[in-house]
Amino acid sequence: TVDADLVIVGSGFFGLTVARRCADDLGLKVLVLERRTHIGGNAYSEAEPQTGIEVHRYGAHLFHTSNERVWDYCNRFTKFTNYVHRVFTTYRGEVYPMPVSLATINQYFRKALTPAQARGLVAEQAAELDTAGASNFEDKAISLIGRPLYEAFFRGYTAKQWQTDPRELPGEIVTRLPVRYTYDNRYFNDTYEGLPVDGYTAWLERLADHPNIEVRLESDFLHDGPLGKAAVVGQVPVVYTGPVDAYFGNAEGELTWRTLDFEQEVLPVGDFQGTPVMNYADEDVPFTRTHEFRHFHPERSYPDDATVVVKEFSRFAGRGDEPYYPVNTPADRQRLLAYRDLARGERGVLFGGRLGTYKYLDMHMAIAAALSMVDNKLVPHFRDGAGLT
Ligand code: FAD
Ligand code: NA
């Protein structure tokens, strides 16, 4: 028998938020199983040993939210810096601000257009194709922003992100293309934004730090054993945040994901690119972007003769790769519906988080969803005796 009131599979933001609230508000004894050697899921970060610079191991993580409740909850476990995210892109040897704004448009066309003039120009160029008739990514994008801006800022980047010619990608993945007719180049529009003052891992550790919470690392719920699925399900309620297809042995087929490869280097310079993120829009540059992690924390004293730069490459995930972004093909959506039916029928198990719901979730969304699962499912079950489905 398992010595806990609730078992949580996965120690990412979703799992740890559920664990903490169940321990705090319901007094439950919670056992968190994590298959990796560390907590925190994809938000995990660590100091690069040579420089001490904090590196986000699974890709750069920027925290932002407009959700008051999420912001308040997060602030119980960490303070945030006043970091504001900005992105630039290199295209044919020139650097432009992103997302595409009035600054980008004027630089690209070598003009000094007003907002109204820029709207007029883009509308004129976009008139080349009709949005309603556009079936692939390229045509749809051109129908929205015109060919010149599409070819400079979207075609190469998209082709690299998807390893697919944009003419072969479905038009429906473009619903809107971010273009701003102002000089505002703040990347996020949310009310609150910042980075955890002493890093993501310290934040995640404080979230897990409660006498009623035990985290067991290197413990894979889908392997046999006393803490495996076969032994636990039916004995103790479970919140599962691993991949939903894997839970059911891929019975309905595998859901497809994109993954990222990271190439990390320590360079003997104090500043490599002058900014945290540089995108590369040219198709013949094989990576999509470079992150220079020191710039996420200008307030810290990092060495002035060394820096950490990570190149990011995007591709379809194979077996054994980390699943990062749902591809979400029509076949995936069919399979997901089948898995949702199976999940509903799985008594005493709730599926949540990015992998458990096959949805890209930002951290604030994962935390919001976790708070809702506690309110709507776990409190009614443990406090009022409602069933758990
Ligand atoms: P995860 O963090 O993925 O945690 C799931 C955990 O479950 C993992 O630790 C995994 O090892 C564990 N697990 C899986 N299967 C098993 C099993 N069988 N047994 C035991 N344990 C298991 N969000 C932002 O807000 N801003 C960003 O800038 C941002 N950038 C991102 C960049 C990338 C590349 C990715 C992939 C995500 C990014 N996110 C960002 C999203 C953020 O990482 C997620 O919100 C967060 O990871 C969601 O948390 P989660 O707990 O649902 O999933
Ligand atoms: Na269920």
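When a residue number appears, it is its place in the shown sequence, counting from 1. Bear in mind the structure is a predicted one, so any value in this text is a computation, not a measurement. For ligands, and for the atoms within them, numbers begin at 1 and follow the listed sequence.
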Side chain to side chain donor-acceptor pair (under 3.5 Å) partners of residues 116-127, not counting sequence neighbours, each pair once: Thr114-Gln117

Is a side-chain donor-acceptor pair under 3.5 Å present for Glu54 with Ser45? yes

Does the residue Tyr360 have a heavy-atom contact with ligand 1, meaning some pair of atoms that are separated by less than 4.0 Å? yes

Just say parallel, tilted or perpendicular for the rings of Phe80 and Phe63, cut-offs at 30° and 60°. parallel

Hey, can you tell me if Phe188 and His64 have their rings parallel, tilted or perpendicular (30° and 60° cut-offs)? parallel

Is the closest N or O pair between Phe13 and ligand 1 shorter than 3.5 Å? yes

Decide whether the shortest distance between a heavy atom of Gly242 and an atom of ligand 1 is less than 4.0 Å. yes

In the protein, what heavy atom is nearest to atom 52 (O) of ligand 1, and what distance, to one decimal place, separates them? Arg354 N, 2.9 Å

Looking at ligand 1, is there an atom of it that comes within less than 4.0 Å of some heavy atom belonging to Gly352? no

Could you name the option among Lys229, His364, Glu34, Arg258 that has the heavy atom nearest to atom 12 (C) of ligand 1? Glu34

Please list the nearest protein heavy atom to atom 17 (C) of ligand 1 with its residue and the distance rounded to 0.1 Å. Asp220 OD1, 3.6 Å

Should Asp332 and Arg335 count as an ion pair when the cut-off is N to O under 4.0 Å? yes

Candidate with minimal heavy-atom separation from atom 38 (C) of ligand 1, of His61, Arg36, His38: His61

List the closest protein heavy-atom neighbour of atom 51 (O) of ligand 1: residue, atom name, distance to the nearest 0.1 Å. Phe14 N, 3.0 Å

Both conditions, 6.0 Å and 45 degrees, for the charged tip of Arg186 above the ring of Tyr83: are they met here? no

Tell me, which protein residue and heavy-atom name are nearest atom 24 (C) of ligand 1, and how many Å apart are they? Asp362 OD1, 3.2 Å

Are any of the N/O atoms on Phe221, whether in the backbone or the side chain, positioned under 3.5 angstrom from an N/O atom of ligand 1? yes

List the closest protein heavy-atom neighbour of atom 34 (C) of ligand 1: residue, atom name, distance to the nearest 0.1 Å. Tyr58 O, 3.3 Å

Indicate yes or no: does an N/O atom of Ser11 lie under 3.5 Å from an N/O atom of ligand 1? no

Below 4.0 angstrom, N of the basic side chain to O of the carboxylate: do Asp375 and Arg69 qualify? yes

Any pair counted as ring pair (Phe, Tyr, Trp, His ring centres under 6.0 Å), so long as it reaches residues 1-20, sequence neighbours left out: Phe13-Trp203

Examine Lys311 relative to Phe262 and say whether NZ or CZ is less than 6.0 Å from the centre of the six-membered ring and inside a 45° cone about the ring axis. no

Contact with ligand 1 for Phe63, non-hydrogen, under 4.0 angstrom: no

Measure Asn42 to ligand 1 on non-hydrogen atoms and call it side chain, backbone, both or neither using the 4.0 Å cut-off. both

Using the side chain to side chain contact (heavy atoms under 4.5 Å, CB included) rule, take Phe221 and Arg35 through it: C-alpha gap first, then chi angles, then the decisive distance, then the call. CA-CA 7 Å; Phe221 186 67; Arg35 97 178 143 191; over 6 Å; no

Is ligand 1 less than 4.0 angstrom away from at least one heavy atom of Tyr44? no

Closest to atom 4 (O) of ligand 1 (judged by heavy-atom distance), picking from Ala60, Ser219, Gly12, Gly353: Gly12

